[in-house]
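Take a look at the structure below.
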Amino acid sequence: MMSFPKPDVSQFLRTFSIEDFAVSPDEKQLVFSTNLSGKYNLWAMDLPNIFPYPLTTIDQSCQALMYDKQSQFIIAGFDYDGNENTQFYGIPLKGGVMKEIVYHENTRNFQPFLSEDGKKLYYTSSKENPSYLNSYCLHLETGEETKVLEGNGGASYLISQSPDESSFLYLKMFANTYMLMYAKRGDEDILLTPPTDKQHTVSDGVFVSDSVIYLLTDYEADFTYLASYNLDTHEFKKIKEIENEGFSSLQYDKERKLLYIASEKGVEDHLYEYNLENGEWNQLKTPASVIEKLVVTKSGTLYLLGRGATNPRNIYKKVEDEWVSLTNYTVPGVEKYDMVEPDVITYPSYDGLEIEALFFKAKKENDNGEIIFWPHGGPQASERKFFRASFQFMLNQGFSIFAPNFRGSSGYGLEFMKMVEGDWGYGPRLDNVAGLDWLIDNGYTEKGNILLMGGSYGGYMALLLHGRHADYFKAVVDIFGPSDLFSFIQSVPEDWKPIMDQWVGNPEKDREKLIEYSPITYLETMTKPMLVIQGANDPRVVKEESDQIVKALQEKGRDVEYMLLEDEGHGFSKKENEIAVYQKILSFFNQFIGVKV
């Protein structure tokens, strides 16, 4: 029998991904955004055939994707090289020349949806109101456009319309943990949760008739549940809640009067079906541990985009009680048993708060004895059982990875999530330190021999941990992390700025705290070798955040390498860039294998 060499490490990074997908109303075609060519483009499959073909060659990420109501063309939103200034285009079903539908230079456009007859496109935009956003109705045949919602007080997003087109649903965002939903009915704006001074969220909502709305909220609760609101009677009613589990998204099958509800429970998702006519509630099995998107068609067919710790994103179709995979993305040339499923562990933090973490342990045959400590981004997000090519890449090279869901992480209730607000640099930092101590106390590593890496808020935390707890580490990687909270607050997108006082802090009232929590305050104690990575077009954590800390450390003679990606934003949209970054990180970390500090 012929034997083959061990898979090359770059194969892990050659794993392709899917950003988004949509199914045509007649279910004859499915379109999805994928980096099958190394850069993101739209590809399609003529169902039931599942062989894909390209529709676009623009090499840009897709932020919105839908079909028109007659299955005649596709509407898609693209930005440019990660700048997040999404514009909307029409695309023929077989590809070809794209047509601008909504194009306003240097604006951010969101949440497009079509009227019931498909003749009008509704969307939310930063044009004319960059802080709070406005929503518009564009008549696709005449090009006539009207403003239907003016945002004020908080960024406002139009999300859906009643079947008779008499009412709209919109979200008003005051913070990640304070989002209210309103129905706009004529000149009346109806709040869908009872008035209260207690902050809460409404994360999703759907019309099931012209007057009845089902919504997901944590009003007077810690975890999000299913509720209903009647616009005629103004009755709010709690429908279904599950202990320690938060519902995250809704899809409505109006032909069969079914709601599909995805939920988060710690590091995994669940899926439920709720029958509006008889009240029957069922849990459905899923093909993935994390659900990225659900689509239900007019025929009642359910489609799902999801991934697991060792399974990249794939699109599935529910056929009776089974899920059929329409895509088959795997790690090229790598068997599933060569990859690592994480252990889920818990540990107590400095104040007794229980912290859940994922611990990916390198296989014995690969283990080099090194541990990478990974604080996740967000910070109001979480590390979950989803596939990261970079993790499996590093694990195959022998590095174990420890990823804690420190206070502020999502998936553990509203109270837990709010713990990071105005406290970016104290409680979450000490949760991470407690995780480091757990690794040391349980014999997995020694103090001073840990590798530290994070991206976005995780990059910020990597910088802060380096500055305040350098004795735990021997090398640090920061991937587009804020370095100075004052400049970060001033440079975020305009529609983020109204939430910054609650989320991060006020530069005047919280000045001393923001100084204490800013990594750039601790230059003197940042003594370990560093690698800093930044996207030049990043609108969230701008290039200057990395520029300033690299320059300051280099002026002090510190060992700092800087990798700037000219055609990326807040992430890696181009496969060659992702491969170059993680090859660079591997080369950087390899210098410290076996090194005792």
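- Between Tyr274 and Trp281, the ring planes are tilted. Angles from 30° to 60° get that label.
- Classification of Lys418 and Glu415 as a salt-bridged pair fails, no side-chain N sitting under 4.0 Å from a carboxylate O.
- With Tyr170 as the aromatic partner, Lys184 does not meet the cation-pi criteria of under 6.0 angstrom to the ring centre and within 45 degrees of the ring axis.
- Partner of Val331 under the side-chain contact (heavy atoms from CB on, under 4.5 Å) criterion, out of Lys336, Gln392, Met339: Met339 alone.
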*Stepwise, does the ring-ring contact (aromatic ring centres under 6.0 Å, His included) test hold for Phe12 with Tyr582?*
CA-CA 10 Å; Phe12 290 87; Tyr582 284 105; over 10 Å; no
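- In this structure, OH in Tyr337 is found 4.5 Å from CD in Glu335, a value given to the nearest 0.5 Å.
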*Begin from the C-alpha positions of Ser162 and Asp210 and carry the test side-chain hydrogen bond (donor to acceptor under 3.5 Å, both in side chains) through to its verdict.*
CA-CA 5 Å; Ser162 62; Asp210 294 329; 4.5 Å; no
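- Counting heavy-atom neighbours within 6.0 Å of Lys238 NZ, excluding the residue itself, gives a total above 12.
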*May I have the step-by-step check of side-chain hydrogen bond (donor to acceptor under 3.5 Å, both in side chains) for Glu19 and Ser33, ending in yes or no?*
CA-CA 5 Å; Glu19 286 183 312; Ser33 174; 2.7 Å; yes
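- Between the side chain of Gln63 and the main chain of Asp79, a donor-acceptor pair closer than 3.5 Å is present.
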*May I have the step-by-step check of side-chain hydrogen bond (donor to acceptor under 3.5 Å, both in side chains) for His270 and Glu245, ending in yes or no?*
CA-CA 9 Å; His270 295 153; Glu245 196 165 327; 3.0 Å; yes
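- Side-chain contact between Asn109 and Ser125: present, with at least one pair of heavy atoms (C-beta onward) separated by less than 4.5 Å.
- Salt-bridge check for Arg185 with Asp232: passed, with a basic side-chain N closer than 4.0 Å to an acidic carboxylate O.
- When each of Thr327, Leu36, Leu30, Asn35 is checked for a side-chain contact (heavy atoms from CB on, under 4.5 Å) with Trp43, only Leu36 meets the rule.
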*Please walk me through it: do Phe402 and Phe359 pass ring-ring contact (aromatic ring centres under 6.0 Å, His included)?*
CA-CA 5 Å; Phe402 189 85; Phe359 193 4; 5.4 Å; yes
*Test side-chain contact (heavy atoms from CB on, under 4.5 Å) applied to Leu216 and Thr201, step by step*: CA-CA 8 Å; Leu216 303 181; Thr201 67; over 6 Å; no
*asked:* Please determine whether side-chain contact (heavy atoms from CB on, under 4.5 Å) holds for the pair Arg407 and Asp351, giving the CA-CA distance in whole Å, both sets of side-chain angles, and the decisive distance to 0.1 Å.
replied: CA-CA 11 Å; Arg407 70 190 65 202; Asp351 57 356; 2.9 Å; yes
*asked:* I'd like to know whether Trp424 forms a ring-ring contact (aromatic ring centres under 6.0 Å, His included) with Phe488, so could you lay out the CA-CA distance, the side-chain angles of the two residues, the decisive distance to 0.1 Å, and finally the verdict.
replied: CA-CA 13 Å; Trp424 273 39; Phe488 171 66; 5.7 Å; yes
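- Between Lys298 and Glu255 no salt bridge is recorded (no basic side-chain N to carboxylate O distance below 4.0 Å).
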*Stepwise side-chain hydrogen bond (donor to acceptor under 3.5 Å, both in side chains) check, Ser249 with Asp204*: CA-CA 6 Å; Ser249 68; Asp204 203 355; 5.3 Å; no
*Under the side-chain contact (heavy atoms from CB on, under 4.5 Å) rule, what do Val344 and Lys385 come out as? Steps first, then yes or no, please.*
CA-CA 9 Å; Val344 182; Lys385 282 189 177 180; 3.8 Å; yes
*asked:* Applying ring-ring contact (aromatic ring centres under 6.0 Å, His included) to Tyr214 and Tyr252, what does each step give before you reach the verdict?
replied: CA-CA 9 Å; Tyr214 277 78; Tyr252 180 50; 7.9 Å; no
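- Atoms OG1 and CE, from Thr177 and Met179 in turn, are 8.0 Å apart once rounded to the nearest 0.5 Å.
- When atom types are taken as modelled, the side chain of Lys293 and the backbone of Phe21 share a donor-acceptor pair closer than 3.5 angstrom.
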